[in-house]
Novice: 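Next up is a structure, given as structure tokens.
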Amino acid sequence: MNSCVIVFPGSNCDRDVAVALEASSGTRPRMIWHGDSELPACDLIVLPGGFSHGDYLRSGAMAARAPIMRAVVAKAKAGTPVLGLCNGFQILTEAGLLPGALMRNAGLKFICRDVFLRVENNYTLFTRGYGPGQVVRIPISHHDGNYFADSATLNRLEDTGRVAFRYCAADGLINADANPNGSLNNIAGILNETGNVLGMMPHPERLISHELGGSDGRAMFDALTALVQCA
Amino acid sequence: MRVTITPEIVAEHGLKPDEYDQILRVLDRAPNLTELGIFSAMWNEHCSYKSSRVWLRTMPTTGPQVVCGPGENAGVVDIGDGQVAIFKMESHNHPSFIEPYQGAATGVGGIMRDVFTMGARPVANLNALRFGAPENPKTRHLVSGVVAGIGGYGNCIGVPTVGGEVNFDPGYNGNILVNAMCIGVADADKVFYSTASGVGNPVVYVGSKTGRDGIHGASMASAEFDENSEEKRPTVQVGDPFTEKLLLEACLELMAGDAVIAIQDMGAAGLTCSAVEMASKGGLGLLLDLDRVPCREAGMTAYEMMLSESQERMLMVLRPDRAGAARAIFERWELDFAIVGETTDTGRFIIRHRGETVADLPVDVLAEQAPIYQRPWTPTPPLPHLAAADVPDTDDPGAALVRLLGGPHLSSRRWIWEQYDHMVMGDTVQRPGGDAAVVRLHGSRKGIAATTDVTPRYCAASPREGGKQAVAEAFRNLCAVGAKPLATTDCLNFGSPERPEIMGQLVGCIEGLSEACRALDMPIVSGNVSLYNETRGVAIPPTPAIGAIGLLDDIDHMATIAFKQEGDVILLVGETSGHLGQSLYAREIAGRKDGAPPPVDLAAERRYGDFVRGQIVAGNVRTAHDISDGGLLVALSEMALAGGYGCVLALPKNAGPPHAWLFGEDQARYVLCVSPDKAPGLLSAAGARRVPITELGRTGGRDMILDGRLIQTLETLRHAHENWFPDYMEG
Amino acid sequence: MKARIHITLKKGVLDPQGKAIAKALSHLGFVGVEEVRQGKYIEIDLAGSDTQTARAGLDAMCAQLLANTVIENYSIELDA
């Protein structure tokens with residue numbers, strides 16, 4: 001699989017996701033500097049986690065205006081899968097590839113911990129490795145992960161199956177106690193209209209082997225790899 | 001403007017009259033204000049260790065594993081396979097009390113720069129924090145700000161904060177302690193030092209611009225700055241973790257080549273200390289042209305530039321033919337890069353500004369002839385042993401347990417460490433909450449374990465035993481995860497060394513630390529000293545914080561504290577005399593603050609620790625926990641809570657008074673847990689090595705049961721343990 | 001020319017920081033604080049003297065970067 005990881009100044013999970021992609025696919029992704037304006041032909045684009053531009057102004061705001069983002073938007077529109085993790089999700093919303101915004105956590109504090117997610121749609125490029133409604137354990141690590149969208153947008157997301165993951169309790173129940181950051185409808189990850197762009201606050205790349213305390217994140221990278229190998 | 005140096009100005013620079021006389025003697029003239037500022041920076045306690053140096057020299061700093069001991073930005077230790085670990089702990093106490101968020105943040109930024117200055121990529125951060133009493137009105141605000149500041153910096157730069165410790169004590173009401181530790185990893189042949197060499201080599205400034213941050217002696221300077229004095233007042237140092245992230249990547253990129261001859265982080269009195277130290281170590285002189293220093297504000301004076309503590313800056317000596325390539329790297333990372341001077345063979349530190357020579361000082365005098373004091377000291381009087389019989393027993397150990405686990409000293413620190421990204425970099429194989437954190441060495445099966453430890457109430461009662469205990473506990477925490485202890489760093493936090501009883505605490509603690517470091521083969525390779533931590537004559541408890549690292553050859557052979565399954569055999573390693581003096585039980589439950597702290601038998605520590613580690617490494621043991629604050633019952637409860645399994649215990653026949661057995665804080669002890677089929681082998685292995693081992697009971701159920709009696713349900717314990725911190729912070 | 005830009009959260013968008021400030025104010029004993037909304041304030045020094053051009057430029061800056069119009073409103077003051 002040819003994947004590209006975009007590196008912004010302040011990205012800090014670029015190496016982590018590259019390791020996860022290589023572990024699943026056997027191929028090392030290409031690291032693309034934000035100042036470049038062209039992307040090589042590739043099967044997957046990843047916007048990694050971190051604090052691009054220090055999260056100054058707004059998380060992801062300045063990265064979304066980086067030269068490389070024109071190429072990312074063009075590829076996304078042409079159907080290339082794009083995965084935005086944490087800061088990558090924030091960048092995708094700021095770039096307009098996904099609707100809504102990620103605001104300051106309702107508790108106002110940075111939160112780093114494992115959370116449970118319910119797979120709301122497993123008919124996607126990214127989530128095919130999970131069962132319908134499967135509950136997975138994946139860490140979050142963010143200050144601005146409180147998903148907001150106006151009610152029309154929210155309804156559209158819900159009605160068209162574009163909510164990929166929701167924060168839930170260990171038994172899969174969706175409730176306020178299981179919502180770590182105040183996200184509307186417990187939303188942890190969403191898809192674009194055509195299903196080839198996924199943004200999510202949790203970090204699947206952090207739980208890909210037993211040494212790290214779990215491997216629920218691995219199925220996403222395996223699924224993406226399998227997709228390319230089938231094609 | 002020429003300022004006449006008066007005794008008041010000298011005093012405001014923290015220099016004593018005899019120190020100023022020494023300056024007059026060596027210069028054979030009066031210094032100007034800039035020169036006086038430079039002397040004050042170089043000769044202050046922080047830079048020169050003038051009160052502690054004679055004692056620091058007595059500490060063990062060498063060993064086959066030590067590549068570089070104290071004196072550089074951080075210590076360097078061999079970890080095999082052509083790699084080294086580079087680490088240090090440093091205090092940022094006073095700034096954190098003034099402005100907790102920025103003080104703590106810049107403390108983290110500073111310690112990380114110390115590590116990557118030497119060529120290492122930081123892989124883990126830890127911190128040791130001491131706050132005043134929870135009921136002190138300032139404490140909550142300070143905890144909140146310090147924790148947010150540590151997280152704000154470390155999370156942004158993307159280095160996991162994996163461990164640390166927190167104490168609350170009224171002794172810190174007026175002086176909190178924020179000690180930050182960073183560990184980095186480098187290739188052994190790519191370690192960079194601060195010794196300049198060669199004449200005519202460019203001295204290069206990189207990183208952020210220089211502003212009027214944290215300039216000392218400024219109350220005096222306000223006499224000089226008549227106009228716009230408000231604007232020119234010294235400001236709190238503000239950290240910019242984003243710039244530090246860029247600086248980290250740019251420095252490591254530069255260091256992959258051969259451009260760097262010497263490099264030094266600009267920390268306290270940034271430009272002054274870094275320039276003088278590089279020149280002094282190389283036996284050289286150095287010429288600085290301040291007109292080329294990137295400044296954030298117009299019109300900065302030489303005095304301000306030389307004493308500025310603006311963050312995220314580095315000074316380097318480069319090979320002249322590589323300067324252009326180096327510039328290209330820093331420009332790509334959008335960082336300032338300026339050639340601000342050159343090395344010379346004059347042995348003098350010469351500073352030019354606006355066409356004038358504003359300072360001309362001998363390098364060796366600045367760096368090496370700082371006054372050194374043999375300060376008078378009086379030993380801390382020993383306290384008598386507190387017999388268990390003199391400490392009231394409790395008829396309800398379960399209630400005592402809830403009070404201890406649900407109180408400020410032993411409650412879960414989850415509220416803190418969930419605000420730290422402890423998983424970024426994808427190598428955290430043991431997260432916070434255990435005995436030691438473990439990060440995998442990237443791309444290998446090896447791991448580095450790290451811990452910070454000291455028990456200030458022991459140090460106050462007996463500096464020497466307390467010093468020993470700090471190292472012994474660090475040793476145990478490393479052994480308990482299966483790591484071979486390698487080396488230590490220390491932050492020696494004390495009150496005023498000008499008081500003999502405080503100096504006595506410092507001496508006693510150093511003697512204890514040294515004895516333990518020798519006995520346990522954990523040389524001290526880096527550290528710092530923070531003195532004058534007192535307010536209105538009330539000093540902090542003596543707090544020699546220890547940071548230690550250890551090595552695991554295979555992270556699959558690692559232990560954690562959590563009970564793993566029902567029916568496992570619980571074993572106690574070590575001897576229990578029921579020592580209650582200075583225990584949390586005596587203090588918190590019985591209200592007794594007297595008595596000697598538990599004695600530390602270093603030979604026993606060594607033997608038992610080696611045994612525990614050996615069993616973990618051999619794959620026989622996967623569950624282990626050292627016994628420290630709160631004693632055995634607390635340790636067992638922590639293991640039960642971490643695993644979600646209760647336990648059924650039996651008091652041994654010769655246990656003595658139950659409260660002493662359950663809550664005594666005897667040292668050199670561990671709880672191990674194995675499946676029943678492995679227990680006989682473990683017992684005989686312990687016997688063969690003269691390691692005392694006692695069977696305590698079995699894991700299982702959802703309660704803590706002792707001799708058939710319910711001590712407490714896990715649910716009650718968990719509720720108390722997890723809720724104290726968030727409830728307290730909610731106020 | 002100096003521009004002053006105020007960025008505020010749109011009405012109806014939850015503002016947890018504003019809520020926390022309101023709570024803190026009431027803890028401090030200030031009564032009658034009904035709502036607090038936190039925003040951003042940005043100063044920009046601009047070359048040139050044509051206010052109409054400046055205003056158009058500032059508007060574009062806000063729309064493209066300074067404000068996130070999904071959740072934020074902005075207003076521009078310009079000193080000639």
Side-chain angles (χ1 to χ4, degrees), chain A residues 7-23 31 33-35 48-57 59 62-63 85-87 105 107-115 138-144 170 180 202-214 217, chain B residues 121 144 147-162 239-250 332-335 414-433 438-440 442-445 447 554-556 558 560 726 729-730:
Chain A
V7 182
F8 300 93
S11 292
N12 63 30
C13 302
D14 43 335
R15 187 185 78 174
D16 303 0
V17 77
V19 166
L21 286 164
E22 189 178 352
M31 310 305 275
W33 184 239
H34 75 121
F51 287 68
S52 56
H53 297 275
D55 272 2
Y56 299 154
L57 189 63
S59 302
M62 289 185 265
L85 302 173
C86 198
N87 191 221
N105 292 344
L108 302 180
K109 286 194 280 294
F110 189 96
I111 309 169
C112 178
R113 65 163 176 254
D114 288 356
V115 295
I138 308 264
I140 54 168
S141 188
H142 61 246
H143 212 161
D144 298 320
H203 286 271
E205 80 279 16
R206 291 191 180 186
L207 279 188
I208 54 163
S209 65
H210 76 277
E211 296 94 335
L212 297 170
Chain B
R121 179 172 287 281
S144 167
V147 170
I150 290 171
Y153 209 102
N155 298 347
C156 181
I157 201 167
V159 174
T161 302
V162 295
D240 179 359
F242 172 57
T243 295
E244 177 130 319
K245 168 71 174 167
L246 304 184
L247 188 60
L248 162 68
E249 298 302 336
R332 191 168 78 87
W333 288 99
E334 300 183 14
L335 294 166
R414 183 185 304 276
W415 185 91
I416 294 178
W417 50 256
E418 281 192 347
Q419 294 184 60
Y420 302 152
D421 188 338
H422 47 269
M423 291 183 253
V424 64
M425 297 185 88
D427 286 313
T428 305
V429 294
Q430 184 149 174
R431 300 184 193 178
V438 182
V439 291
R440 178 172 58 183
H442 195 67
S444 82
R445 302 300 304 165
D554 181 355
I555 51 166
D556 273 344
M558 177 179 83
T560 61
M729 293 307 298
E730 272 298 309

Novice: Considering only heavy atoms from C-beta outward, does the side chain of B/Arg332 approach that of A/Trp33 to under 4.5 Å?
Specialist: yes
Novice: Under 4.5 Å between any side-chain heavy atoms of B/Met423 and A/Leu207, yes or no?
Specialist: no
Novice: Restricting to salt bridge (Lys or Arg N to Asp or Glu O under 4.0 Å), what partner residues turn up for B/Asp556, sequence neighbours left out?
Specialist: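 So B/Asp556 forms a salt bridge (Lys or Arg N to Asp or Glu O under 4.0 Å) with B/Arg445.
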Novice: Could you give the distance from CD1 (A/Ile111) to CG (B/Asp421), rounded to the nearest 0.5 Å?
Specialist: 12.5 Å
Novice: How far does CD of B/Glu418 sit from CZ of A/Arg113, to the nearest 0.5 angstrom?
Specialist: 4.5 Å
Novice: Non-hydrogen contacts under 4.5 angstrom with chain A: give the residues of residues 148-156 of chain B involved, or none if there are none.
Specialist: B/Asn155, B/Cys156
Novice: Is there a side-chain contact between A/Val7 and B/Glu249, using heavy atoms and a 4.5 Å cut-off?
Specialist: no
Novice: Can you check whether anything in residues 12-19 of chain A gets within less than 4.5 Å of chain B, heavy-atom wise, and list it by number?
Specialist: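 Answer by number: A/Asn12, A/Cys13, A/Arg15, A/Asp16, A/Val19.
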Novice: Look at the rings of B/Phe242 and A/His53 and say which category their plane angle falls in: under 30° parallel, 30 to 60° tilted, over 60° perpendicular.
Specialist: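 Because their plane-to-plane angle lies in the 30° to 60° range, the rings of B/Phe242 and A/His53 count as tilted.
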Novice: Kindly compute the distance separating CD (A/Glu211) from CD (B/Gln430), expressed to the nearest 0.5 Å.
Specialist: 13.5 Å
Novice: Quick one: what part of B/Arg414 sits under 4.5 Å from any heavy atom of chain A, side chain, backbone, both or neither?
Specialist: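 For B/Arg414, no heavy atom lies under 4.5 Å from chain A.
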Novice: Who passes ring pair (Phe, Tyr, Trp, His ring centres under 6.0 Å) against A/His203, sequence neighbours left out?
Specialist: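 If we apply the ring pair (Phe, Tyr, Trp, His ring centres under 6.0 Å) test to A/His203, skipping adjacent residues, there are no hits.
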